[in-house]
Amino acid sequence: LNSPLCLRSLGLSPSLSFLASLSFSGLTRSSSFLGITNVLFLFNSFLQLNILPSFGFLFDIDGVLVRGKTPIPAAKTAFQKLVNSQGQFLVPVVFVTNAGNCLRQKKADQLSHLLGVPVSKQVMMSHSPLRMFKRYHEKCVLVSGQGPLLDIARDLGFCQPITIETLREKHPLLDVVDHDRRPNVLVSVYFCFKILSVVLFGEPVRWETNLQLIIDVLLTSGYPGNPYHRENYPHIPVLACNMDLMWVAEAQSPRFGHGTFMVCLENIYKKITGKDLKYEVLMGKPSKLTYQYAEYLIRAQAAERQWKQPIQTLYAVGDNLMTDVYGANLYNRYLEENSRKDNSWENELASAAAAHCRSVLVCTGVYNPHAEVPLDTRESITETVFHGHRDFRFDPGLVEPDHIVPDVDAAVDLVFQLENFAPN
């Protein structure tokens with residue numbers, strides 16, 4: 001029994017087999033009952049180590065793995081523990097970012113370069129769940145944001161995307177805030193397509209142009225050259241990605257994010273119509289849809305690697321209480337309450353299978369571990385400024401992380417310990 005070969009037949013990795021064999025060799029030199037008990041306890045612990053993952057990681061990117069374009073030192077150390085010598089991940093991993101101004105593969109290439117590990121299908125952008133909304137893919141959709149919008153939209157499956165700039169060219173009389181961009185000659189270009197939905201990918205460059213033309217589309221039921229018809233309510237569907245009010249860049253103070261643009265759009269629409277702008281769906285953290293799609297990608301990775309062990313727990317590692325922690329805890333509540341209602345977009349996915357989603361907060365980004373914490377959080381709720389989206393309510397229980405660690409390397413060590421995981 002004390003040969004490494006025999007011990008490996010019990011499922012132990014070579015390193016654990018070697019240690020166990022040394023322990024049993026020592027048993028021949030010690031006849032004390034205490035020595036036997038300790039060795040058997042040690043061997044039993046070896047047998048209880050898990051060599052197949054029953055969990056997966058959801059990693060935020062900025063503030064957890066990188067700051068700007070610079071990798072956080074702990075990230076490379078962490079990912080050396082997460083891949084084998086062939087560069088394959090030892091556990092299912094999804095990188096979940098609220099960014100949406102580039103193609104998924106470009107973000108994957110950036111991560112591969114920064115972390116020194118091969119990354120491809122593991123990246124999830126804020127707009128990635130739009131792949132499920134196939135009923136919109138064949139329709140004419142207006143897309144708002146910046147970056148390669150048409151490439152992004154087509155990569156997601158949209159066949160007839162139209163940018164704000166194209167719409168402006170077709171209807172040059174609509175964009176008149178900037179006097180220098182007003183047409184010198186009154187012209188009208190015939191535009192035969194009816195816009196059937198609006199997709200908000202991220203904050204645009206010219207906010208006044210995007211706000212004006214999106215309002216035109218909503219108040220004319222997709223014919224922006226026509227007069228407003230305020231009785232057309234509800235308006236055509238609006239699908240929005242990335243609700244971040246602000247984000248941290250190189251400046252000393254946070255900068256406006258897409259959530260700020262959405263606040264402007266919502267308030268302009270309500271001021272004109274007296275009614276609330278409605279969203280068909282909101283994507284990006286902390287939305288439930290984002291975590292459900294991330295779980296779908298985790299399960300797909302496990303199936304591709306032929307890991308038979310069911311994925312029971314998701315560990316969401318992030319640096320922001322209002323997005324990463326709030327979203328993970330919200331999804332955990334959804335999983336534990338088993339309140340899985342049939343939604344049309346959920347038909348594209350298999351039912352959620354995980355039992356838990358645990359939030360792990362790191363101290364390398366937005367979160368400041370040295371900030372003063374009120375003694376009575378209940379009394380401070382009324383003084384808290386909630387930066388979440390209008391359609392999400394503030395719940396103090398949802399911004400309490402399950403674990404707080406210094407950095408992502410400590411997060412990986414913690415999860416391996418919690419799961420009693422020993423990669424083979």
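One finds no salt bridge joining E169 and R181 here, because no Lys/Arg side-chain nitrogen approaches an Asp/Glu carboxylate oxygen to under 4.0 Å. With salt bridges taken as basic N to acidic carboxylate O contacts below 4.0 Å, none links D244 and K285. By the 4.0 Å N-to-carboxylate-O rule, R333 lies close enough to D395 to be salt-bridged with it.
Closest non-hydrogen pair, V362 versus V408, comes out as CG1-N, 3.9 Å. The two atoms that bring N329 and E400 nearest to each other are ND2-O, 2.9 Å, heavy atoms only.
Separating the OG atom in S126 from the CE atom in M283 is a distance of 8.0 Å, to the nearest 0.5 Å. Atom CD of Q122 sits about 9.0 Å away from atom CZ of R104, to the nearest 0.5 Å.
Contact annotation: the side chain of L111 never approaches that of D109 to less than 4.5 Å [non-hydrogen atoms, C-beta and beyond]. Annotation: side chain of V238 is not in contact with side chain of E280 (no heavy-atom distance under 4.5 Å). With a 4.5 Å cut-off on side-chain heavy atoms, I215 and L219 count as touching. Contact of the F392 side chain with the M243 side chain is registered, since non-hydrogen atoms from C-beta on lie closer than 4.5 Å. Counting heavy atoms from C-beta on, the side chains of D413 and K81 come closer than 4.5 Å. In this structure the side chain of L361 never reaches within 4.5 angstrom of the side chain of H403, judged on heavy atoms. Using a 4.5 Å heavy-atom threshold, the side chains of D402 and V360 count as separate. Taking the side chain as every heavy atom from C-beta outward, V141 and I195 never approach each other to under 4.5 Å.
Judged by distance alone, the side chain of R305 and the main-chain N or O of F89 form a donor-acceptor pair under 3.5 Å. The backbone N or O of N320 sits less than 3.5 Å from a side-chain atom of D324, completing a donor-acceptor pair. Using a distance-only test at 3.5 Å, with no hydrogens or angles considered, no donor-acceptor pair links the side chain of D216 to the main chain of P224. Looking at H258, its side chain does come within 3.5 Å of a backbone N or O of N242 through a donor-acceptor pair. One N or O on the side chain of H389 and one on the backbone of D391 form a donor-acceptor pair closer than 3.5 Å. In this structure a side-chain-to-backbone donor-acceptor pair under 3.5 Å is missing from D60 to G318. Between the E203 side chain and the G145 main chain, no donor and acceptor come within less than 3.5 Å of each other. Between the side chain of S112 and the backbone N or O of P118, no donor-acceptor pair lies under 3.5 Å.
Pairs passing the salt bridge (charged side-chain N to carboxylate O under 4.0 Å, His left out) check and including a residue from residues 261-270, sequence neighbours excluded, read K270-D276. Here salt bridge (charged side-chain N to carboxylate O under 4.0 Å, His left out) pairs that include residues 154-166, with residues two or more places apart or in two chains, are R131-D155, E165-R168.
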Kindly determine whether Y223 and Y228 satisfy ring pair (Phe, Tyr, Trp, His ring centres under 6.0 Å), including the steps that lead there. CA-CA 9 Å; Y223 293 105; Y228 286 175; over 10 Å; no

Start with the C-alpha gap between D407 and T364, add the side-chain angles, then the distance that decides, and say whether side-chain hydrogen bond (donor to acceptor under 3.5 Å, both in side chains) holds. CA-CA 6 Å; D407 52 43; T364 51; over 6 Å; no

Please step through side-chain hydrogen bond (donor to acceptor under 3.5 Å, both in side chains) for the pair T77 and D409, ending with a clear verdict. CA-CA 6 Å; T77 306; D409 185 40; 5.1 Å; no

Stepwise side-chain contact (heavy atoms from CB on, under 4.5 Å) test for V412 and F59: CA-CA 11 Å; V412 170; F59 287 112; 4.2 Å; yes

Check the pair S221 / N232 against side-chain hydrogen bond (donor to acceptor under 3.5 Å, both in side chains), numbers first and verdict last. CA-CA 7 Å; S221 296; N232 291 334; 2.9 Å; yes

I'd like to know whether H356 forms a side-chain hydrogen bond (donor to acceptor under 3.5 Å, both in side chains) with Q312, so could you lay out the CA-CA distance, the side-chain angles of the two residues, the decisive distance to 0.1 Å, and finally the verdict. CA-CA 7 Å; H356 307 285; Q312 294 292 326; over 6 Å; no

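Taking the six-membered ring for Trp and the full ring otherwise, the centers of Y291 and Y296 sit at least 6.0 Å from each other. With ring centers used as reference points, Y269 lies under 6.0 Å from H235.
No hydrogens or angles considered: nothing links the side chains of T220 and N226 as a donor-acceptor pair under 3.5 Å.
Here R206 pairs with D178, E208 under the salt bridge (Lys or Arg N to Asp or Glu O under 4.0 Å) rule; sequence neighbours left out.
Partner of Y331 under the side-chain hydrogen bond (donor to acceptor under 3.5 Å, both in side chains) criterion, out of Q292, E336, E295: E295 alone.
For H113, the NE2 atom is loosely surrounded, since the number of other residues' heavy atoms within 6.0 Å does not exceed 12.
Ring-plane geometry between F256 and W207 is classed as tilted, the angle between the planes lying from 30 to 60 degrees on a 0 to 90 degree scale. The aromatic rings of Y315 and F57 sit tilted relative to each other, their planes meeting at an angle between 30° and 60°.
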